[in-house]
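Heavy atoms only: backbone and side chains are in, while hydrogens, waters and symmetry mates are out. Just so it is clear, the model here is predicted, and its values are computed rather than measured. Every number for a ligand or one of its atoms is a count from 1 in the order of the listing.
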Amino acid sequence: MLKLVKMSIAGLLAVGISTSVLAAEDPIHDAIEYRKGAFSGIAWNFKRMAGMVKGEIPFNAEEFAKRAGYVATLAQLPLEGFKDLPDSAMDKSKTKTAAKPEIWKDWADFEKDMKALEDGSAKLAEVAKKGDLDAIKPVFAEVGKTCKGCHDEFKEKHEH
Ligand code: HEC
């Protein structure tokens, strides 16, 4: 009997948890978390690749190629987290974001910068498969420039 009660409580909890996880009560919050999550995943892998490029971490071709592949995939995600949001997404009192309003004013530019990251990281994943660090270095630097270029223009130094 006790066992049954325990099981049904566990069952209820499981259902409760899954519905609250899936509920999109605040789509703007979800979009911001989504794009930040994608960028965090990119940065995690990018930093470790940077360590290898700079010689701070021993170069491991297989690991580098794996991380470059992750970044190439993740680079396709953030744009969706900026797209088609209601105007209230710009209300800084409601959202915790470092995204500048210029993103939506200069949308074509922003999209171009995002595409540069996508294309650059795809190229990096391709060259990384060959495992030649000297060939990797200039392509890696190119991708790094796309991060900085976009952040300088479209990202606040701190969240607001
Ligand atoms: C096309 C523009 C663009 C490119 C390219 C770009 N970023 Fe960003 N990044 C942003 C914006 C905008 C934010 C702020 C997102 C927010 O707070 O809503 C951001 C946020 C971040 C964050 C903070 C995430 C968080 O949890 O708050 C990290 C880390 C980051 N970017 C790393 C990178 C790295 C590394 C690259 C290059 C490999 C890169 N970004 C390329 C625009 C860009």
What's the shortest distance from [atom] to any protein heavy atom, and which residue and atom give it?
atom: atom 17 (O) of ligand 1; answer: A98 N, 2.8 Å
atom: atom 5 (C) of ligand 1; answer: T146 O, 3.5 Å
atom: atom 37 (C) of ligand 1; answer: C147 SG, 1.8 Å
atom: atom 27 (O) of ligand 1; answer: K36 CD, 3.4 Å
atom: atom 28 (C) of ligand 1; answer: F39 CB, 3.9 Å
atom: atom 23 (C) of ligand 1; answer: K155 CE, 4.2 Å
atom: atom 3 (C) of ligand 1; answer: C150 SG, 2.7 Å

Could you check whether [X] pairs with [Y] (Lys NZ or Arg NE/NH1/NH2 to Asp/Glu carboxylate O, under 4.0 Å)?
X: E80; Y: R35; value: no
X: R67; Y: E63; value: yes
X: D152; Y: K148; value: yes

A99, G120, A43, A75: member with heavy atom nearest to atom 14 (C) of ligand 1
A99

Any donor-acceptor pair under 3.5 Å from D26 side chain to H29 backbone
yes

Please check this pair: side chain of Q76 against backbone of A72, looking for a donor-acceptor N/O pair closer than 3.5 Å.
yes

Which word best sums up how the rings of W107 and W104 line up, parallel for under 30°, tilted for 30 to 60°, or perpendicular for over 60°?
parallel

What do you reckon, does I103 put a non-hydrogen atom under 4.0 Å from ligand 1?
yes

Spacing of [X] atom [atom1] and [Y] atom [atom2] [to the nearest 0.5 Å]:
X: D106; Y: E153; atom1: CG; atom2: CD; value: 6.5 Å
X: L74; Y: E118; atom1: CG; atom2: CD; value: 11.5 Å
X: S121; Y: F46; atom1: OG; atom2: CZ; value: 8.5 Å
X: I103; Y: D109; atom1: CD1; atom2: CG; value: 11.5 Å
X: L79; Y: K115; atom1: CG; atom2: NZ; value: 11.0 Å

May I ask you to list the atoms of ligand 1 that are less than 4.0 angstrom from any heavy atom of [X]?
X: S40; answer: 26 (O)
X: L117; answer: 5 (C), 37 (C), 38 (C), 41 (C)
X: F154; answer: 12 (C)
X: I42; answer: 38 (C)
X: F82; answer: 12 (C)
X: F110; answer: 1 (C), 2 (C)

Does any N/O atom on [X] come nearer than 3.5 Å to any N/O atom on ligand 1?
X: D113; answer: no
X: T97; answer: yes
X: H151; answer: yes

